[in-house]
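Values below: every heavy atom of this structure, side chains too, minus hydrogens, waters and symmetry copies.
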Amino acid sequence: MYNKLLEFVPHHCRLLREVTGGAISSEKADMVPGYDFLVNSVWPEIARGIEERLPSLFNPGNPDIFHQKYSISMDFLRKFERQCGSQASVKRLRAHPSYHSFNNRWNLPVYFQIRFKEIAGSLESALLSHVEETANESAFCLRATNVLWNCLSACWSDHIYLPLLAHRFYKLTLQLLSRYCVYIKELSACATADGSVTESKSLPTRGKEESASLSSEDQQTGLAADAQMSALSTRQLILIVADINKIMEKLPELIEVIKVKLNKIGFKNMEIIKGALEDLSSSLSEPLSTINNKISMDLGESCLIYFKSALEVPRLYRRTNKEIPTKPSSYVESALKPLFQLQHDYGNKVKVQTRQEWLRGALSECTHK
């Protein structure tokens with residue numbers, strides 16, 4: 001339909017444009033002052049026809065179809081502007097009441113609110129799953145982190161993002177990361193307190209998105225956890241650390257995606273964008289020391305059980321003619337098994353530096369005791 005409308009002017013109105021726009025060399029064909037055939041005649045008819053005969057075009061009820069129709073319509077608008085022939089004509093078109101009327105028919109706030117509920121709602125559902133693991137093919141270990149990254153990517157994906165809503169999608173990006181920070185801090189608190197009940201503050205997926213804040217202290221709408229959080233296992237703690245580090249590694253990728261989108265709308269101050277995301281990255285890393293200490297302690301405890309067999313060594317050699325030992329006692333091998341298992345199971349998920357930190361902590365704890 002839009003392609004046929006674009007063909008209408010060059011095919012059916014060429015002579016009118018030439019006569020009124022001074023496109024032909026003739027003494028009688030001087031440019032008519034204040035006359036703009038495309039802006040004052042053609043565009044109002046196109047806008048009126050679309051608004052009156054295709055009102056469903058502007059319906060945001062189905063966000064996917066709305067996005068598609070909006071994108072095609074804005075592309076049509078850009079192509080129509082190119083037919084105007086001069087910058088002055090384009091300015092007159094953009095100032096025309098029918099141009100504003102056409103643009104205002106697109107209910108972008110409602111579209112964003114639907115997307116907000118979809119994206120924020122999916123993250124909230126994932127956070128309620130506690131520390132559920134993802135499928136093997138995912139880059140992340142936990143379902144909640146995987147959903148978070150999918151939500152962040154969705155905000156800036158070509159089939160959801162719209163340039164006029166850049167500020168809202170950026171705000172939502174900060175809200176999603178802030179919500180995940182609260183979730184990690186809750187897990188960190190849970191790691192040090194056995195079976196404590198925690199309250200999970202959520203993004204308000206009902207009502208206006210503007211009521212949602214960027215920090216957990218300002219999030220007014222809370223969603224209490226349905227069940228008691230049991231004490232986290234060492235494996236779960238390790239997966240949490242792996243995911244925190246992975247998210248922090250991938251944030252620069254997200255910044256680059258945002259940069260490309262914002263450059264297209266003329267926004268250049270990327271330092272303020274990076275600064276806010278780096279603040280959230282710092283907030284995300286805060287619970288790491290607590291979780292790392294807990295992992296070291298748990299590993300140390302699992303090793304320490306076997307070290308009690310050291311008390312049996314004098315009895316084994318008392319009043320016997322046994323040969324001088326040439327290899328470690330069996331309890332030493334058993335005690336080190338959890339540490340070897342850690343290296344084997346999580347070598348491709350956790351950084352070497354982090355694993356060494358856990359091993360040092362665990363062995364220091366055991367050696368002291």
Would you check if Leu77 and Asn103 make a side-chain contact, meaning some heavy-atom pair closer than 4.5 Å?
yes
Note, Leu280 side chain near Tyr180 side chain (heavy atom, < 4.5 Å)
no
For Arg179 and Tyr183, does a side-chain donor sit closer than 3.5 Å to a side-chain acceptor?
no
Can Asn146 and Ser138 be counted as having a side-chain donor-acceptor contact under 3.5 angstrom?
yes
Ionic contact status for [Y] with [X], cut-off 4.0 Å:
{"X": "Glu312", "Y": "Arg315", "result": "yes"}
{"X": "Lys369", "Y": "Glu301", "result": "yes"}
{"X": "Glu278", "Y": "Lys274", "result": "no"}
{"X": "Arg78", "Y": "Asp75", "result": "yes"}

If we ignore hydrogens and angles and just use 3.5 Å, is the side chain of [X] paired with the main-chain N or O of [Y] as donor and acceptor?
{"X": "Glu365", "Y": "Ser296", "value": "no"}
{"X": "Ser101", "Y": "Pro97", "value": "no"}
{"X": "Ser71", "Y": "His67", "value": "yes"}
{"X": "Ser364", "Y": "Arg360", "value": "yes"}
{"X": "Thr145", "Y": "Cys141", "value": "no"}
{"X": "His96", "Y": "Lys91", "value": "no"}
{"X": "Ser283", "Y": "Asp279", "value": "no"}

More than 12 non-hydrogen atoms from neighbouring residues, nucleotides or ligands closer than 6.0 Å to [atom1] on [X], yes or no?
{"X": "Met248", "atom1": "CE", "answer": "yes"}
{"X": "Lys259", "atom1": "NZ", "answer": "no"}
{"X": "Ile272", "atom1": "CD1", "answer": "no"}
{"X": "Glu118", "atom1": "CD", "answer": "yes"}
{"X": "Asn269", "atom1": "CG", "answer": "yes"}

Check the angle between the aromatic planes of Phe66 and Trp106 and answer parallel, tilted or perpendicular using the 30° and 60° thresholds.
perpendicular
Locate the shortest heavy-atom distance separating Tyr346 from Arg355; write the atom from each residue and the value.
O-NE, 3.8 Å
Of all the heavy-atom pairs spanning Val39 and Pro44, show the shortest one and how long it is.
O-CD, 3.1 Å
Is there a path of hydrophobic side-chain contacts, each under 4.5 Å between heavy atoms of I/L/V/M/F/W/Y residues, joining Leu165 to Val260?
no
Just checking Phe169 against Phe112, ring centres under 6.0 Å apart?
yes
Approximate separation, where rounding is to 0.5 Å, of [X] [atom1] and [Y] [atom2]:
{"X": "Tyr161", "Y": "Lys261", "atom1": "OH", "atom2": "NZ", "value": "6.5 Å"}
{"X": "Ile258", "Y": "Ile273", "atom1": "CD1", "atom2": "CD1", "value": "7.0 Å"}
{"X": "Leu299", "Y": "Trp358", "atom1": "CG", "atom2": "CH2", "value": "8.0 Å"}
{"X": "Asn150", "Y": "Ser122", "atom1": "CG", "atom2": "OG", "value": "8.0 Å"}
{"X": "Ile238", "Y": "Asp243", "atom1": "CD1", "atom2": "CG", "value": "12.5 Å"}
{"X": "Phe58", "Y": "Phe102", "atom1": "CZ", "atom2": "CZ", "value": "5.0 Å"}

